Amino acid sequence: MTATKERADEFLRQAERIAVEVVAPAAHDVDRDARFPVEAFDALREESLLSLLIPQELGGAGATVAQVADITFELGRHCASTGLIYAMHQSQVASLVRHGRSAFFREYLAEMADTELLLASATTEVGVGGDVRTSLCTVERQDSGSIRLEKMAPVISYGQHSDAILATARRAPESPPNDQVLVLCRPPGLKLESISGWDTLGFRGTCSLGFKLVAEEDESCILDDSYGEISSRTMLPVSHLLWSSVWLGLATAAADKARHFVRAEARKKPGVTPPSALRLAEMVAQLQRMEELVRGSVRRYDQQIDDVDVLSSMGFAIAMNSLKVSASTLVVDIVNRSMLILGMAGYREDSPHSLGRILRDAHGAAIMVNNDRINSNTAQMLLVHKDQ
Amino acid sequence: MEEAIRTILAEHGHLPVEVDKLRDEDDLYQAGMTSHASVNVMLALEDEFDIEFPERMLRKSTFESVAAIRFAISELSES
């Protein structure tokens with residue numbers, strides 16, 4: 001059962017309120033100090049917005065990906081780091097909802113809904129060159145019957161602020177690198193030791209430090225489906241859809257500043273169309289492209305979510321890759337156009353129209369999970385894929 | 001056909017195990033075939049058997065074992 005429209009609207013109103021009253025005022029500090037947006041996540045927990053995707057029968061709201069994407073967009077509009085953390089969390093929740101079918105995971109989802117747990121992910125690993133579909137570390141069986149996992153992760157976004165981490169690993173010591181499982185790692189069995197810092201141009205509040213992760217858990221913490229299946233059907237598409245929603249929020253924030261600026265210019269000399277208005281027209285056309293791309297892709301995914309044949313097809317994988325590449329390219333384009341419209345007002349750091357933070361965040365979109373890697377993967381598939 | 005499939009797997013599958021040691025039903029992905037390697041296997045199969053895998057067949061399950069590949073090729077060769 002999914003959330004009714006009225007309930008979904010209520011959640012969205014709460015998210016809009018939090019975005020304006022809590023997220024926006026903290027955004028500058030979060031960026032400057034590269035700190036976790038703790039007040040934003042306290043507020044999101046308070047309104048039960050972390051567990052939205054969990055089915056109603058397990059205590060969640062049974063929200064659709066589109067409903068979560070709307071909230072992600074609102075958060076991204078005011079603080080891209082907050083939006084991105086929310087997006088990453090929800091793609092982990094979606095993976096548990098769709099692929100954690102065992103009694104253990106159903107119970108864990110109910111606990112998440114009850115206590116609003118925040119999930120992080122550890123997919124990349126030192127030594128695999130960024131290829132998340134390959135693991136070196138492995139699940140080890142202990143004599144005690146528990147399992148143990150030790151992983152050197154170059155990045156675990158907000159790892160030290162999360163309540164649990166989903167980590168990839170080889171199924172067993174004898175498994176090849178691509179035979180991966182996803183393991184739920186929680187305290188007290190979970191230990192994190194930081195191995196690198198996070199001082200970047202943008203998305204500074206995601207605190208994406210590197211960690212040595214050591215986890216001891218029960219066998220039941222391994223998800224039922226293989227990581228390959230979880231990734232292609234749920235984790236990758238939901239990530240790309242929600243990240244794109246964050247970037248759409250960023251692009252919209254830049255566009256809003258430009259629109260406001262042009263209107264103010266026009267009011268100074270009624271009857272004379274300011275030269276920047278033409279640039280605004282071009283920029284708004286790009287923003288419309290991006291909106292249609294992101295919202296259309298989200299809507300289609302919700303329609304296809306139960307069609308395993310579609311979700312495991314090559315055409316779907318290509319579409320999800322292309323969405324990420326297009327949206328991350330469009331956001332930079334729209335922010336650049338806004339900068340030209342705003343001129344010095346956007347370029348200055350001490351102006352209310354400043355685009356500094358937005359520009360730095362926007363460039364992270366193509367870099368965090370590099371577009372070149374995604375395009376290489378798409379290029380491979382296009383060698384055999386036939387358009388219908 | 002069986003032999004040609006196994007030759008292609010040996011050449012393009014980049015499996016960490018010997019192809020001859022795999023049974024017909026063994027899962028090739030669990031045996032270590034990456035999705036990158038599987039694309040090369042598809043290309044070589046299309047060339048060898050003069051077929052084209054349509055979009056509906058371009059999924060993991062079509063290429064998950066020697067038996068599955070043989071089944072897919074016979075289906076395409078008949079039509």
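Since this is a predicted model, take the numbers as computed values, not measurements. Chain identifiers are assigned alphabetically (A, B, ...) following the order of the sequence lines, protein sequences preceding nucleic acid strands; residue numbering begins at 1 within each chain.
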Mark yes or no for whether B:Glu55, through its side chain, and A:Gly315, through its backbone, hold a donor-acceptor pair below 3.5 Å.
-> yes
Minimum heavy-atom distance B:Met33-A:Asn178, with the two atoms named | O-ND2, 2.7 Å
Between NE2 on residue B:His36 and CZ on residue A:Arg133, distance to nearest 0.5 Å = 13.5 Å
Checking A:Asp309 against chain B: side chain, backbone, both or neither under 4.5 Å from a heavy atom?
-> both
Non-hydrogen atoms of chain A under 4.5 Å away: do they reach the side chain of B:Glu46, the backbone, both or neither?
-> side chain
Of all heavy-atom pairs linking B:Leu58 and A:Val384, the shortest is CD1-O, 3.4 Å
Give a yes or no on this: more than 12 heavy atoms of other residues, nucleotides or ligands lie within 6.0 Å of atom CZ of A:Arg289.
-> no
Among A:His385, A:Met381, A:Met314, the one residue meeting side-chain contact (heavy atoms from CB on, under 4.5 Å) with B:Met42 | A:Met314
Which atoms of B:Met57 come close to chain A, meaning under 4.5 Å heavy atom to heavy atom: side chain ones, backbone ones, both, or neither?
-> neither
Could you grab the distance from atom OG1 of B:Thr34 to atom CG of A:Asp131, nearest 0.5 Å is fine?
-> 8.5 Å
Where do B:Ala31 and A:Pro176 come nearest, in terms of heavy atoms and distance?
-> C-CG, 3.6 Å
Which one, A:Ser313, A:Pro177, A:Ser232, A:Ser175, leads in non-hydrogen pairs under 4.5 Å with chain B?
-> A:Ser313
Answer yes or no: are there more than 12 heavy-atom neighbours, outside B:Glu18 itself, under 6.0 Å from its atom CD?
-> no
What one should report as the nearest heavy-atom pair of B:Val39 and A:Gln380 is CG1-O, 3.3 Å
